[in-house]
Undergrad: 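I'd like to ask some things about the structure below.
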Amino acid sequence: MLDPNTSPESDPPAPSDAQLRQAIEYLYYAYRSFTERPDKILDKRGLGRVHHRILYFVGRNPGTTVNALLSTLQVSKQALNAPLRQLLAMQLISAQTATHDGRVRHLSLTRSGSKLEVQLSGTQMAQLRQAFEAAGPQAHAGWNAVMSALLSQVPVSGVLDQATVESAS
């Protein structure tokens, strides 16, 4: 039903194909910029982006289980196994066997893992803060609206659950 308080002329036009292609390119290049600094920090330790994602989500969900992490990251056990073992061997993550079930392991960051995660995410938070400040007061709301609309098209688990995504859109 049309809202009698708005006219069709007041609705902004849909983005053109050229604007959508520009948005796609912005996403690609922005992601490259967003991951560049953490990638360099990780590379010095022989680690990569998958390790960062594991550190980030274990840090945001202390005590999470391996199965919950698999669900959050949407990866196979095989894809998670080697990098998780590496983080455990480097003592960046600890695993505690659940008392109720010996097959369940609860993951947490160690002190050095937490320090690394803060360093990695800190570079990204500073970059986002600077971008939001440069873009103006409405930038954060616009960003959240676009990201929420994109996320509403896929199942989300972990810290950012589906209800959070749906309430932000």
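Nothing here was measured: the structure is a model prediction, and the numbers come from that model.
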Undergrad: What closest approach, in Å, do P38 and T123 show between heavy atoms, and which atom pair accounts for it?
TA: CG-OG1, 3.4 Å

Undergrad: Taking it one step at a time, do L116 and R45 satisfy side-chain contact (heavy atoms from CB on, under 4.5 Å)?
TA: CA-CA 10 Å; L116 176 59; R45 292 175 173 251; 3.7 Å; yes

Undergrad: Determine whether T97 and V104 satisfy the following criterion, side-chain contact (heavy atoms from CB on, under 4.5 Å), listing intermediate values before the conclusion.
TA: CA-CA 6 Å; T97 303; V104 176; over 6 Å; no

Undergrad: Quick one: does S112's side chain have a donor or acceptor within less than 3.5 Å of a partner on Q91's backbone?
TA: yes

Undergrad: Using every non-hydrogen atom in the two residues, find where S108 and P62 come nearest and quote the distance to one decimal.
TA: OG-C, 4.2 Å

Undergrad: Return the minimal non-hydrogen interatomic distance between G48 and L42, and the atom names on each side.
TA: O-CD1, 3.4 Å

Undergrad: What pair of heavy atoms forms the shortest contact from L20 to P15, and how long is it?
TA: CD2-CB, 3.8 Å

Undergrad: With no hydrogens and no angle check, is any side-chain donor or acceptor of S114 less than 3.5 Å from a backbone partner on L109?
TA: no

Undergrad: Please check if the number of heavy atoms outside R49 that lie under 6.0 Å from its CZ is greater than 12.
TA: yes

Undergrad: Measure the acute angle between the ring planes of Y31 and F34, then classify it against the limits of 30° and 60° as parallel, tilted or perpendicular.
TA: tilted

Undergrad: Check the pair H51 / L87 against side-chain contact (heavy atoms from CB on, under 4.5 Å), numbers first and verdict last.
TA: CA-CA 7 Å; H51 299 94; L87 292 169; 3.8 Å; yes

Undergrad: Tell me, with the steps shown, if Q127 and R37 meet side-chain contact (heavy atoms from CB on, under 4.5 Å).
TA: CA-CA 10 Å; Q127 188 176 11; R37 289 183 198 122; 3.9 Å; yes

Undergrad: Which residues pass the salt bridge (charged side-chain N to carboxylate O under 4.0 Å, His left out) test with K40, not counting sequence neighbours?
TA: E36

Undergrad: Are L84 and L107 packed together at the side-chain level, in the sense that at least one heavy-atom pair is separated by less than 4.5 angstrom?
TA: yes

Undergrad: Counting N and O atoms only, with roles assigned by atom type, does the side chain of S148 sit under 3.5 Å from a partner on the main chain of A145, one being a donor and the other an acceptor?
TA: no

Undergrad: Determine yes or no for a side-chain-to-main-chain donor-acceptor pair under 3.5 angstrom, with N61 supplying the side chain and F57 the backbone.
TA: yes

Undergrad: Report the relative orientation of the aromatic rings in H100 and H106; use parallel for angles under 30°, tilted for 30 to 60°, perpendicular for over 60°.
TA: tilted

Undergrad: Are any side-chain N or O atoms of E133 and backbone N or O atoms of Q130, one a donor and one an acceptor, separated by less than 3.5 Å?
TA: no

Undergrad: Would a distance-only check, ignoring hydrogens and angles, find a side-chain to backbone donor-acceptor pair under 3.5 Å from S33 to Y29?
TA: no

Undergrad: Any heavy-atom pair between the side chains of L88 and R105 that's under 4.5 Å?
TA: yes

Undergrad: Near D17 CG, under 6.0 Å, is it more than 12 heavy atoms from other residues, nucleotides or ligands?
TA: no

Undergrad: Under 4.5 Å between any side-chain heavy atoms of I41 and L47, yes or no?
TA: no

